[in-house]
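Naming: A, B, ... by sequence-line order, numbering from 1 per chain.
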2 protein chains.
Amino acid sequence: MLSFSEENYLKAIYHIEKLQSNGVSTNAVAEKMDTKASSVTDMLQKLAEKRLVIYKKYKGALLSAKGKEIAISVIRKHRLWESFLVNKLNFSWDEVHDIAEQLEHIQSDELINRLDAYLGFPKVDPHGDPIPDKDGNIAKQEKIKLSNLKETQQGILVTIKDSSDDFLRYLDKKSISIGSTIKVIAIEPFDKSILVKIGKKELMITENVANNLLVKEI
Amino acid sequence: MLSFSEENYLKAIYHIEKLQSNGVSTNAVAEKMDTKASSVTDMLQKLAEKRLVIYKKYKGALLSAKGKEIAISVIRKHRLWESFLVNKLNFSWDEVHDIAEQLEHIQSDELINRLDAYLGFPKVDPHGDPIPDKDGNIAKQEKIKLSNLKETQQGILVTIKDSSDDFLRYLDKKSISIGSTIKVIAIEPFDKSILVKIGKKELMITENVANNLLVKEI
DNA sequence: ACAAATATTTAGTTATATCTAAAAATATAT
DNA sequence: ATATATTTTTAGATATAACTAAATATTTGT
Ligand SMILES: [Mn+2]
Ligand SMILES: [Mn+2]
Ligand SMILES: [Mn+2]
Ligand SMILES: [Mn+2]
């Protein structure tokens, strides 16, 4: 039985690992966890002792098979609870993350598997992120940044990369949601801002926004 | 923001207070929490410092208004989650307590109030215990021990006093559930065992069982 | 290759929550 | 009333998970 803190570290390492190929640095974890590097070192040593990460001094950490399995199970729980909050309790997608941060640590396989069934085995959470199944398999999503599309191309929004409350509320305001079809009308060479068409409306979005909208090209 | 441990102590004190009129003794709390008296003393001092209990050395503790409010809110969460687990996720009533012990510490008023609404504002949990409303009001239940009924009297089962898994499974096996009408046919003077009629079946129960079945006389 | 900058670890401190053993207060029984 | 038993508190220890400051290792730029 791991502490909340240990589980959160494993999850953070998992997310950072996906962005790089080398070992996850102490500082990267410290930034993600909003803590100090020295605290991270302590925890990495403890997790290494428990064989949940492979850790070499000054060289960073990588999840072991067991560590990865736990990280994925925490992510599964997080995303299923977010789905429950949105689909059953009618929370909006910008309100659920902090509550799911708590719920993801509830220990009961039976609970999470029944919740999964109750929700109809959803494939993605309210932000379009894939939900690992009970064996830890994660469906591969075909997705590219909207900013990689060229003029006249279009895509279906599948995932929000930045799930901050502010960004999610911006999207609500502009009526952009998972499943929206987005067509690139024109790209401004000066600042890479993009004129897009969503439904019947045309809309100007910044490059930053376009970098955080992951679409499946159609 | 209180720790899980502080919340659990407040809940334990609340439950013990209801059984007695005087201050709650250190030992009583230690037994309920399955911990040592010295640990309880530490915690009572801390809770007194935070004005959640009124504590006099060697004289035990009583909840302050604020402490009582928190205890009731934890109990509300516990019972609502138990209701969710049974009514929505189809757990049986003997499987939900331990999971609710974890869920009761999730911090979000919005969550618990939406859950309450989602469940249709249930008045009692799966064991017949009353669920406090969001203002902390607890509906008063008219209930007496089945063992207090005399021959030929009958009652409707409203609450299970001992909610241990073993007792709940015993009741399942005998098809006794909340709402069952139970009629006292005969009381054996020697050991106070009772012959009861439930539905169409007659059944012999021990005095101990009868003490843990709380009924509304009809 | 070396100095400077940066990243990481170590050492020592704090806070929480537990424990055991000993001391002190209270309750009980003759 | 006084000895004995019981309950409760205190003192001191351990484990977890943070922190700051200092030491050390690694990386970068010239
Ligand atoms: Mn989230
Ligand atoms: Mn999400
Ligand atoms: Mn319970
Ligand atoms: Mn209950």
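- Atom C1' of nucleotide dT9(C) and atom NZ of Lys56(A) are separated by 17 Å, given to the nearest angstrom.
- The backbone N or O of Ser25(A) sits nowhere less than 3.5 Å from a side-chain atom of Gln20(A) that would complete a donor-acceptor pair.
- Residue Thr41(B) is in base contact, counting any heavy-atom pair closer than 4.0 Å across all strands shown.
- Put simply, Ser5(A) has a side-chain N or O that comes within less than 4.0 Å of OP1 or OP2 on dA18(D).
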Check the interface with nucleotides 19-26 of chain C: list each N/O to N/O pair with the protein under 3.5 Å, or write none.
{"residue": "dC19(C)", "atom": "OP2", "partner": "Thr35(B)", "partner atom": "OG1", "Å": "2.6"}
{"residue": "dC19(C)", "atom": "OP2", "partner": "Lys36(B)", "partner atom": "N", "Å": "3.3"}
{"residue": "dC19(C)", "atom": "OP2", "partner": "Ser39(B)", "partner atom": "OG", "Å": "2.6"}
{"residue": "dT20(C)", "atom": "OP2", "partner": "Lys36(B)", "partner atom": "NZ", "Å": "2.6"}
{"residue": "dT20(C)", "atom": "O4", "partner": "Ser38(B)", "partner atom": "OG", "Å": "2.9"}
{"residue": "dA25(C)", "atom": "O4'", "partner": "Tyr58(B)", "partner atom": "OH", "Å": "3.3"}

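- When the P atom of dA11(D) is taken as reference, atom CD of Gln45(B) falls 10 Å away, rounded to whole Å.
- Atom-to-atom, CZ of Phe4(B) to P of dT18(C) comes out at 13 Å; the value is rounded to the nearest Å.
- Atoms CD1 and CG, from Ile131(B) and Asn137(B) in turn, are 14.0 Å apart once rounded to the nearest 0.5 Å.
- Here the NE2 atom belonging to His127(A) is positioned 9.0 Å from the OG atom belonging to Ser83(A), to the nearest 0.5 angstrom.
- Between the CG atom of Leu44(A) and the P atom of dA18(D) there is a distance of 12 Å, given to the nearest Å.
- A side-chain N or O of Asn8(B) and one of His105(B) form a donor-acceptor pair less than 3.5 Å apart.
- Going from atom CE of Met1(A) over to atom P of dT16(D) covers 14 Å, rounded to whole Å.
- Contacts of residues 18-30 of chain B with DNA chain C (heavy atom under 4.0 Å): none.
- Thr159(A) places no side-chain N or O within donor-acceptor distance of the main-chain N or O of Leu214(A), the cut-off being under 3.5 Å.
- Judged by distance alone, with hydrogens and angles left aside, the side-chain atoms of Asp191(A) form a donor-acceptor pair with the main-chain N or O of Ser193(A) at under 3.5 Å.
- What separates CE of Met43(B) from C1' of dT10(D) is a distance of 17 Å, to the nearest Å.
- With Phe84(B) as the aromatic partner, Lys88(A) does not meet the cation-pi criteria of under 6.0 angstrom to the ring centre and within 45 degrees of the ring axis.
- With salt bridges taken as basic N to acidic carboxylate O contacts below 4.0 Å, one links Asp166(A) and Arg169(A).
- Using a 4.0 Å cut-off between charged side-chain N and carboxylate O, Asp116(B) and Arg76(B) make a salt bridge.
- At a threshold of 4.0 angstrom between heavy atoms, the contacts of Tyr9(B) are confined to the sugar-phosphate backbone, with no base atom among them.
- In this structure, CD of Glu7(A) is placed 16 Å from P of dT16(D), rounded to the nearest angstrom.
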